[in-house]
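The basis for the numbers below is simple: all heavy atoms, side chains too, and nothing from hydrogens, waters or symmetry mates. Here the structure is a predicted model, which is why all the values come from computation and not from measurement.
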Amino acid sequence: MTNARPAADAAPSTGANAVSKILTFGALPVVLVICIIVFQIGNPRFLSGPNVLNMVQQGVFLMLIAFGQMLVLLAGGFDLSVGAVVALTSIVSAKVMVAMSLAYPEAPGLAIAAGFLAAVVVGIVCGGVNGFGVAILKVNAFIVTLATASIFAGVTLVISQGIQVSGLPRDFVYGIGSGYFLGLPVSLYFAVPAVAAVFLLVRHMRFGRYIYAIGSNLRSAVVAGCQHQSLPDGLLHALCHDHGLCRLAADGPCLLGRADAWR
């Protein structure tokens with residue numbers, strides 16, 4: 001006589017399989033779809049063409065900074081200084097662009113390039129400070145980035161004196177920040193290479209595998225040969241300057257040096 005197989009061994013239903021596949025990507029996509037449906041019901045113009053383009057333009061800036069934060073989280077790190085770093089990179093790049101525009105009024109491209117370079121340098125320095133505190137001094141990332149957030153915010157206010165920065169190149173404000181090309185926001189074209197670079201980094205490069213390994217188990221990763229010094233907190237600010245520049249351009253010709261506006 002044969003016994004019936006336990007109910008637990010029965011094949012899952014089609015509905016259960018569908019739910020399992022959906023939850024493979026996490027709950028946030030489901031929440032996003034629900035929010036879109038609710039907002040569309042509340043306002044039929046929510047999914048209109050102009051509003052979708054506006055949301056894309058605004059979302060690009062957050063997406064760029066989210067890439068950097070994602071890498072930090074994958075590496076098992078944590079960063080509270082994001083807003084302060086973006087504010088500092090933005091105010092420094094704005095000051096540099098204004099100075100270069102006054103010195104070379106006929107070369108707006110030079111001013112934009114100088115501002116971009118200044119933001120890169122500031123982002124690297126801020127990331128180096130965080131990385132030094134976490135990887136070299138062995139201080140908890142929460143404590144380090146909480147402290148540096150206050151420091152960077154203070155430096156931002158010292159540089160700006162709380163005064164608006166105006167006189168940015170028009171090509172930067174109205175071209176990169178709020179311009180359109182082929183019907184799409186110019187800022188979107190900055191995000192596409194970032195998406196491709198992050199995808200290649202985490203899926204097809206040794207460095208990306210190191211990030212996953214260190215975030216999963218630092219001790220095992222070190223034994224396996226991963227070079228982890230300065231890795232966790234040095235990742236975020238590689239993308240911080242891109243977000244700062246794009247956000248700066250979108251905010252128009254005036255910028256107030258307040259770090260809390262970026263949080």
Side-chain angles (χ1 to χ4, degrees), residues 22-32 35 58-90 119-120 122-153 190-244 246-247 259-260 262-263:
I22 292 174
L23 293 181
T24 301
F25 299 96
L28 289 181
V30 178
V31 174
L32 176 62
C35 289
Q58 297 297 319
V60 164
F61 313 127
L62 294 177
M63 182 176 66
L64 290 175
I65 196 67
F67 284 152
Q69 187 71 285
M70 179 191 73
L71 296 178
V72 172
L73 294 175
L74 287 178
F78 197 79
D79 198 320
L80 295 175
S81 65
V82 177
V85 172
V86 174
L88 181 57
T89 56
S90 299
V120 172
V122 172
I124 291 175
V125 171
C126 293
V129 171
N130 284 337
F132 179 80
V134 175
I136 305 301
L137 300 182
K138 305 299 182 182
V139 181
N140 185 276
F142 184 91
I143 302 300
V144 172
T145 56
L146 181 62
T148 55
S150 299
I151 295 172
F152 297 151
F190 286 87
V192 172
V195 172
V198 172
F199 177 79
L200 292 175
L201 175 67
V202 300
R203 296 297 297 271
H204 299 286
M205 295 182 67
R206 179 184 301 176
F207 188 71
R209 292 193 291 270
Y210 281 0
I211 295 174
Y212 276 108
I214 291 173
S216 177
N217 191 311
L218 178 58
R219 188 181 299 274
S220 298
V222 173
V223 172
C226 291
Q227 300 295 324
H228 73 288
Q229 293 294 328
S230 301
L231 176 61
D233 261 48
L235 295 172
L236 172 62
H237 305 291
L239 291 176
C240 259
H241 65 275
D242 289 330
H243 176 273
C246 292
R247 182 72 261 178
D260 58 346
W262 301 86
R263 296 176 182 171

With V195 via side chain to side chain contact (heavy atoms under 4.5 Å, CB included) - residues at least two apart: M63, F67
Shortest non-hydrogen contact from G123 toward T89: N-CG2, 3.9 Å
Heavy-atom closest pair, residues L80 and F142: CD1-CE1, 3.5 Å
Minimum-distance pair of heavy atoms, taken over all atoms of A141 and V134: CA-CG2, 3.7 Å
From CD1 (I143) to CG (L137), nearest 0.5 Å: 13.5 Å
Where A191 and V60 come nearest, the two heavy atoms and their spacing: CB-CG1, 3.9 Å
Non-neighbouring partners of F199 that pass ring-ring contact (aromatic ring centres under 6.0 Å, His included), sequence neighbours left out: H204
Distance-minimising heavy-atom pair for F152 and V85: CD1-CG2, 3.6 Å
Shortest non-hydrogen contact from A84 toward A149: CB-O, 3.3 Å
Reported OG1-to-CG distance for the pair T145 and D79, which is rounded to 0.5 angstrom: 5.0 Å
Side chain to side chain contact (heavy atoms under 4.5 Å, CB included) against L32, all qualifying residues, sequence neighbours excluded: I36
